[in-house]
Amino acid sequence: MKFDYVIVGAGIAGLCMAERITNVLHKEVLIIEKRSHIGGVLRYGIPKFRLPVGVLDDIENMLLDLNVKIRY
């Protein structure tokens, strides 16, 4: 499958760019992430009592609903 945009890293910037490209430009986006989950510093640097993991799961589901592909 050919993608219009490939984003390396599913951190804060990568997630925002994927959402904006999909909503504004209506293009196919692939995110490549080296870890097993999205989020970057949001998931691995911020304690769970400050940012619940469920928030990041909701963001992932929203991106998948927008037809953004994520390859781990």
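Treat the numbers as computed from the prediction; the structure is a model and nothing was measured.
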| Do the side chains of Val6 and Ile12 join up, straight or via other hydrophobic residues, at under 4.5 Å, putting them in one cluster? | no
Would you list the atom pairs, donor with acceptor, under 3.5 Å between side chains in residues 49-65 and any protein atom, with sequence neighbours excluded?
{"from": "Glu60", "atom 1": "OE2", "to": "Tyr72", "atom 2": "OH", "distance (Å)": "2.6"}
{"from": "Asn61", "atom 1": "ND2", "to": "Asp57", "atom 2": "O", "distance (Å)": "3.2"}

| field | Partner set under side chain to side chain donor-acceptor pair (under 3.5 Å) for Tyr5, not counting sequence neighbours | value | none
What side-chain donor-acceptor pairs closer than 3.5 Å can you find for residues 21-38, not counting sequence neighbours?
{"from": "Thr22", "atom 1": "OG1", "to": "Ala18", "atom 2": "O", "distance (Å)": "2.7"}
{"from": "Asn23", "atom 1": "ND2", "to": "Glu19", "atom 2": "OE2", "distance (Å)": "2.3"}
{"from": "His26", "atom 1": "NE2", "to": "Asn23", "atom 2": "O", "distance (Å)": "3.4"}
{"from": "Glu33", "atom 1": "OE1", "to": "Ala10", "atom 2": "N", "distance (Å)": "2.6"}
{"from": "Glu33", "atom 1": "OE2", "to": "Arg35", "atom 2": "N", "distance (Å)": "3.2"}

| Transitively linked via ILVMFWY side-chain contacts under 4.5 Å: Leu15 with Ile46? | yes
